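The chain is numbered in sequence order, starting from 1. Quick note: numbers below take in every heavy atom, side chains included, and nothing from hydrogens, waters or symmetry partners. Whatever order the structure lists ligands and atoms in, that order sets their numbers, starting from 1. Every value quoted in this text rests on a predicted model; they were computed, and no experiment measured them.
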Amino acid sequence: MSDAQNETVSSREIRLASRPQGRPADDNFALATAQVGPPGEGELLVKNSLISVEPYMRGRMNEGKSYVPPFEIGQPLSGAAVGTVVASRAAEIPAGTTVLHDRGWREYALVPAKYARVVDVTQVPPETYLGALGTTGFTAWVGLRIVGEVKSGEALFVSAAAGAVGSMAVQLAKRRGVRVIGSASTPEKVRYLREELGADAAFDYHDGAAKRLRELAPDGIDVYFDNVGGEQLEAAIGATRTFARVVMCGAISRYNDAEPPPGPRNLFLAIGRRLRLQGFIVSDHLARFGEFAREVAPLIAAGQLKAPTTFVDGVENAPRALMQLLQPNANVGKIVVRV
Ligand SMILES: NC(=O)c1ccc[n+]([C@@H]2O[C@H](COP(=O)([O-])OP(=O)(O)OC[C@H]3O[C@@H](n4cnc5c(N)ncnc54)[C@H](OP(=O)(O)O)[C@@H]3O)[C@@H](O)[C@H]2O)c1
């Protein structure tokens with residue numbers, strides 16, 4: 001065994017200090033230093049370079065059962081990360097390899113090799129594996145293809161359209177010949193949606209989603225890709241055509257609510273219009289990930305799909321990045337913390 005394989009390193013990490021009530025604050029997180037390593041048999045010591053912060057992590061800060069277990073108080077948070085193997089005791093993944101794994105929120109991680117995925121960073125930049133070519137892009141693909149069954153010639157409305165999932169949903173739908181309307185929080189994002197991502201129309205939701213959808217889709221929408229819930233969900237239901245589909249991907253406008261508000265007041269429209277409202281969790285569809293990657297990776301490598309990314313520097317700033325993400329007027333594209 002080389003010296004590197006015996007190595008123990010100091011690693012800064014973010015732990016859950018307490019569970020938030022409503023909006024998370026600085027004191028819900030703690031920056032701590034841990035000694036990490038050396039790797040045991042079958043393990044890798046990985047120096048993280050990029051870590052992902054994502055809206056579902058807000059749910060994991062709460063107590064109680066969900067589709068993923070809650071974070072534990074006093075323990076580091078976790079989530080997707082990309083890093084370089086600095087010491088390996090797994091022959092199949094030698095030191096120097098770039099891997100994707102789920103022990104983010106820290107500078108160094110001990111990762112069982114069987115839970116690490118080797119990624120090729122020669123064709124696309126490493127952050128792509130946390131965004132456009134990772135769970136984010138796959139979520140957009142599943143939502144459009146499997147859940148929304150969106151077809152050429154149809155009209156699609158995407159909320160949080162300049163965000164990570166939204167920016168991919170807009171572009172993938174455009175490639176399928178769909179008419180795309182996106183919403184976002186600022187005039188700059190609205191312009192970005194139209195001029196950079198190719199949306200046919202876009203609006204600032206502060207101008208009133210119901211009114212803007214009546215203007216921009218006078219014949220109605222066939223599919224709504226819901227990232228935010230709340231008022232925009234109600235507006236989208238109001239704008240549906242008969243047999244429209246509502247892809248319930250996320251409800252970010254509600255994640256910090258201590259008490260959930262009443263549901264959309266116009267839900268009864270689902271009956272007469274024969275709507276299908278379907279929630280989904282991307283991990284249920286992993287069997288289709290290869291199909292997604294084979295379609296999307298070449299498009300990203302060729303620059304035919306944009307993978308917008310907002311970088312935040314320093315593991316100590318990861319909590320701020322998550323808090324920022326949960327508010328309007330946040331990131332463009334995928335938010336990634338450079339460690
Ligand atoms: N079902 C699944 O398996 C799955 C998987 C991944 C993600 N998701 C969900 O998909 C959604 C998007 O996730 P993402 O990772 O791509 O995040 P994101 O869209 O990059 O970031 C969140 C965006 O939401 C918008 N936002 C924040 N607070 C808002 C509010 N109160 N009202 C309206 N918009 C608000 C902000 O955009 P503006 O600046 O435009 O307001 C922000 O940029 C989230 O709801 C997430 O939970 C679901």
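- Between His285 and Phe280, the ring planes are perpendicular. Angles over 60° get that label, and only those under 30° would be called parallel.
- The aromatic ring centres of Phe203 and Phe157 sit less than 6.0 Å apart.
- For Thr309, the side chain to side chain contact (heavy atoms under 4.5 Å, CB included) test picks out Glu127, Phe311, Val336, with sequence neighbours left out.
- Between Trp141 and Phe292, the angle of the ring planes goes over 60°, which puts this pair in the perpendicular group of the 30/60° scheme.
- Sorted by chain and number, the heavy-atom contacts of ligand 1 below 4.0 Å come from Pro55, Thr139, Ala160, Gly163, Ala164, Val165, Ala184, Ser185, Lys189, Tyr205, Asn227, Val228, Cys249, Gly250, Ala251, Ile252, Ser253, Tyr255, Phe280, Ile281, Val282, Leu325, Leu326, Gln327, Pro328, Asn329, Ala330, Asn331, Gly333.
- In this view, Thr33 and Ser10, Arg12 satisfy the side chain to side chain contact (heavy atoms under 4.5 Å, CB included) rule, not counting sequence neighbours.
- Apart from Val190 itself, the hydrophobic cluster it occupies contains nothing, where clustering links Ile, Leu, Val, Met, Phe, Trp and Tyr at side-chain heavy-atom distances under 4.5 Å.
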